[in-house]
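Worksheet for the structure shown next.
This is a predicted model, so every value here is computed, not measured. Chain letters run A, B, ... following the sequence lines, proteins first and then strands; every chain starts at 1.
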Amino acid sequence: MFFMFCSSTLLSPSFSKLSLSLSLFLKRMISNTSSNSFSHSPISLLESCNSMYQLNQIHSHTIKLGLSSNHFFLTKFIIFCCTNESGDVYYARKLFEEIPQPSVFLWNTMIKGYSRISCCENGVCLYKLMLINSIKPDNYTFPFLLKGFTKDVALKYGKVLLNHAVKHGFLDSNLFVQKAFVHLFSLCRLMDLAHKVFDMGDGWEVVTWNVMLSGYNRVKRFEEAKGLFIEMEKKCECVLPNSVTLVLMLSACSKLKDLDGGNYIYYKYIRNGIVERNLILENALIDMFASCGEMDAARGVFDDMKIRDVISWTSIVTGFANICRIDLARKFFEQMPERDNVSWTAMIDGYLRMNCFKEVLLLFREMQVSNVKPDEFTMVSILTACAHLGALELGEWAKTYIDKNKIKNDTFIGNALIDMYFKCGNVEKAREIFNVMQNKDKFTWTAMIVGLANNGHGEESLTMFSNMLEASVTPDEITYIGVLCACTHVGMVAKGKYFFSNMTIQHGIKPNVAHYGCMVDLLGRSGHLKEALEVILNMPLKPNSIVWGSLLGACRVHKNVQLAEMAVKEILELEPENGAVYVLLCNIYAACKKWENLHEVRKLMMDRGIKKTPGCSLMEMNGIVYEFVAGDKSHPQSKEIYGKLENMKQELINAGYSPDTSEVFLDVGEEDKETSLYWHSEKLAIAYALISLGDGVTIRIVKNLRMCVDCHHMAKVVSKVYNRELIVRDKTRFHHFRHGLCSCNNFW
DNA sequence: CTAGGGTTAG
């Protein structure tokens, strides 16, 4: 009735007439509040008000009637403004200020209002004000207050508020208060605290269990989520998992690659229909199977689904990409009815995993054409591809794109940028990014340590490492690989040994095969071949081909045929198809002029039908990446390039370059090896750069194999004769050439 | 309270 009255008030042109009746109505209402004639209860009438506009009407009339400070009305107004969907909390606050001594109830209502509109800082202010006014919080205060907290605010005030709740005795008595704190600590990732509070309560409903599980998932403590779930199952009389619980558990199993756990959930709860299926649950199932590599099972779920969304499809694409079935991933990707940025990024990452960087960039272009906006995940992948291609211009374009399109510049992006700049040889820019990054994680520091080491700044790399420790960031096994790398690249044998032993002593990291590989590399490159061999023979793990490969590389440098033979035999035991190893042995024999042995190996290769994969070099120009393969003539300007090489040769020889063909042999196909017109891929790239790149532009080349002596020598002379800066990144290290100087002093 | 994609080394 009152609602109708209000409505007509709003619509009627003769508002004043009606407003008179309202005044009368209100007066009667007040005089009636204590009477029993509630058949037309004034309270219930007021409560049927449902917009701020209506509330304003009533309020202004109470003012006209001189009832502006009437407690009953103010309270009702505040409740409306704080709890109704359309209520204006700031309006409530003004009214609240007019009440000289508000009750706890009113304080709580105001706090609840701020939580409703997600102004939790205001809620906290009010809570503080409440304490200042000597009002004690009750067991409603905390649930209302905490409800609207964001992660940051929760972190800022969570612990203090917990102390308050303990002090007032709510925490061990009131389930609602406990629940509010479990939610809060789970939200701000303080899972140990959340668990503590959780253990104080008993008989939790399923939602609270779920909050705990999702909290553990959020902080990637999946094992503990599993443990909690097992605990939950023990209490099956009191609480049963629902579909949300199962989704959380499947997600944990997916991240743990725990197929047994995933199957357990599937068979116990899902397959038999104990818990009803829904789209989210089925997608979680697909994801679990897919990340465990069980694509048949994943397909089974996928095929049986009544409704599939873009997430279902993307999970299948990701699953195939993860087991390196890029063809099947692509097939499903093509068949998708719609693709979002996650689908595109998943496909892009599939190619990244296969080291198909050109496909990455092609796909990215396609993505842009189809008008799907990349986000920070996509851009990390693009930057990673640029890093591997040595595509600095493209990488810088990506950075500009990120800035321009306001893509979230998070730690992942920063790390990827640092890595990209280092891999393109731009140390200065990498440092710049590092310096402005506000959140540095272990990846950031590791990228710096590795990047500086690779670019010949070994000392600075080790300084970074001590800065990292000072910043209380815990290094992992990869950080230590970087540290050992730094020692190797500047020949600090003693320091390397020191760090190798310290890694276990200080940080409890057991050296893995790769670390032993680093030690072999460190000792071998610096000429301590016997010691390097001892490391291999005494290591507690089975040496893999990389470890033996390090020794082999060192033998090549220091021309130790005996050890090299031994290493090769070991490697060929492990990888009989590894063409590069045969080639390396041939190179060693060639370097020592042991022609007979060389022919033997050559014959062995022929008999076994081993073919060496051709080396290739990449170079970027104007954002386009060019690929050069040794001896190849497919480039449209091939003639020019070879011409340039021929006339370069004389100029270079005049400037002190003497061609060294000892290592050429096996890089060439059968037909080409007799001709003198054979050129390494990086030489083709250099020649092309000299033809096409303007003066003063740095020539940047990425080579997928080890740079040979001859090319190294030639690059040095090129930088002098043509006054060019040259950066060549090969499989094992960076080579900077400027004015004929090489920053890679202990190249060998 | 619930589902999909990201960074480092060898």
Side-chain angles (χ1 to χ4, degrees), chain A residues 179 182-183 186-187 204-215 217-218 241-252 254 278-288 290-291 309-319 321-322 339-350 352-353 374-384 387 408 410-420 422-423 441-451 453-454 475-486 512-518 520-521 544-547 549-550 731-732:
Chain A
K179 188 172 137 186
V182 171
H183 274 258
S186 171
L187 174 73
W204 290 114
E205 53 184 343
V206 64
V207 172
T208 311
W209 286 92
N210 291 347
V211 166
M212 285 298 294
L213 295 176
S214 81
N217 276 0
R218 206 169 9 239
N242 64 10
S243 74
V244 176
T245 321
L246 300 188
V247 166
L248 288 163
M249 284 322 295
L250 288 172
S251 168
S254 159
N278 60 43
L279 181 64
I280 297 178
L281 184 57
E282 291 181 309
N283 281 344
L285 247 185
I286 294 180
D287 174 59
M288 184 276 296
S291 65
D309 66 1
V310 64
I311 297 180
S312 333
W313 283 91
T314 307
S315 299
I316 294 288
V317 170
T318 311
N322 280 338
R339 305 180 195 108
D340 63 10
N341 55 343
V342 181
S343 327
W344 282 95
T345 309
M347 196 62 228
I348 285 174
D349 284 323
L352 253 191
R353 194 170 299 106
D375 62 5
E376 65 273 19
F377 286 72
T378 321
M379 294 316 285
V380 164
S381 306
I382 299 310
L383 287 171
T384 307
K408 199 176 158 209
D410 63 9
T411 311
F412 284 87
I413 290 279
N415 296 347
L417 274 171
I418 290 177
D419 185 51
M420 185 274 292
F422 273 130
K423 288 216 167 81
D441 62 10
K442 72 174 180 189
F443 290 91
T444 321
W445 292 97
T446 305
M448 287 305 286
I449 290 162
V450 174
N454 282 336
D476 64 7
E477 69 267 11
I478 295 162
T479 316
Y480 264 102
I481 287 187
V483 171
L484 296 176
C485 232
N512 63 28
V513 193
H515 295 107
Y516 283 99
C518 287
V520 172
D521 204 24
N544 64 8
S545 61
I546 297 170
V547 174
S550 297
K731 197 183 172 186
T732 55

Going by the rule side chain to side chain contact (heavy atoms under 4.5 Å, CB included), which residues pair with A:Asp309 if we only count those two or more places apart in sequence or in a different chain? A:Leu279, A:Asn283, A:Ile311, A:Ser312
Could you check whether A:Glu282 gets within reach of a base, just the sugar-phosphate, or nothing at all, counting any heavy atom under 4.0 Å? nothing
Assess the residue pair A:Arg339 and A:Thr314 against the criterion (side chain to side chain donor-acceptor pair (under 3.5 Å)); give the C-alpha distance rounded to whole Å, side-chain angles, the decisive distance to 0.1 Å, and a yes or no. CA-CA 8 Å; A:Arg339 305 180 195 108; A:Thr314 307; over 6 Å; no
Check this for me: does the side-chain of A:Asp375 come within 3.5 Å of the base of B:dG6 through a donor and an acceptor? no
Measure the distance from CZ on A:Arg353 to P on B:dG5 and round it to the nearest whole Å. 10 Å
About how many Å separate CD1 of A:Ile316 and CG of A:Asp287, when rounded to the nearest 0.5 Å? 10.0 Å
Salt bridge A:Arg353-A:Asp349, side-chain N to carboxylate O under 4.0 Å: no
Return the set of residues passing side chain to side chain contact (heavy atoms under 4.5 Å, CB included) with A:Val317 (not counting sequence neighbours), or none when no residue passes. A:Ala329, A:Phe332, A:Phe333, A:Met336, A:Met347
Is a donor-acceptor pair below 3.5 Å formed from side chain A:Ser315 to base B:dG4, judging by atom type as modelled? no
May I ask you to say what A:Asp521 touches in the nucleic acid, namely base, sugar-phosphate or nothing, with a heavy-atom cut-off under 4.0 Å? nothing
Output the rounded distance in Å from CG (A:Asp340) to P (B:dG5). 12 Å
Between A:Asp441 and A:Thr444, is there a side-chain donor-acceptor contact under 3.5 Å, judged purely by atom types and distance? yes
For A:Asp476, all residues meeting side-chain hydrogen bond (donor to acceptor under 3.5 Å, both in side chains), sequence neighbours excluded: A:Lys442, A:Thr479
Please list, for nucleotides 1-3 of chain B, all pairs of protein and nucleotide N/O atoms separated by less than 3.5 Å.
| from | atom 1 | to | atom 2 | distance (Å) |
| --- | --- | --- | --- | --- |
| B:dC1 | O2 | A:Asn210 | ND2 | 2.4 |
| B:dA3 | N1 | A:Asp309 | OD2 | 3.3 |
| B:dA3 | N3 | A:Asn283 | ND2 | 3.0 |

Protein N or O to nucleotides 8-10 of chain B N or O, pairs below 3.5 Å:
| from | atom 1 | to | atom 2 | distance (Å) |
| --- | --- | --- | --- | --- |
| B:dA9 | OP1 | A:Lys423 | NZ | 3.1 |

With a 4.0 Å cut-off on heavy atoms, is A:Asn217 in touch with a base, just the backbone sugar-phosphate, or nothing at all? nothing
Could you list the residues that satisfy side chain to side chain contact (heavy atoms under 4.5 Å, CB included) with A:Ser545, not counting sequence neighbours? A:Ile571, A:Leu574, A:Glu575
From B:dG5, B:dG4, B:dG6, pick the nucleotide closest to the side chain of A:Ser343? B:dG4
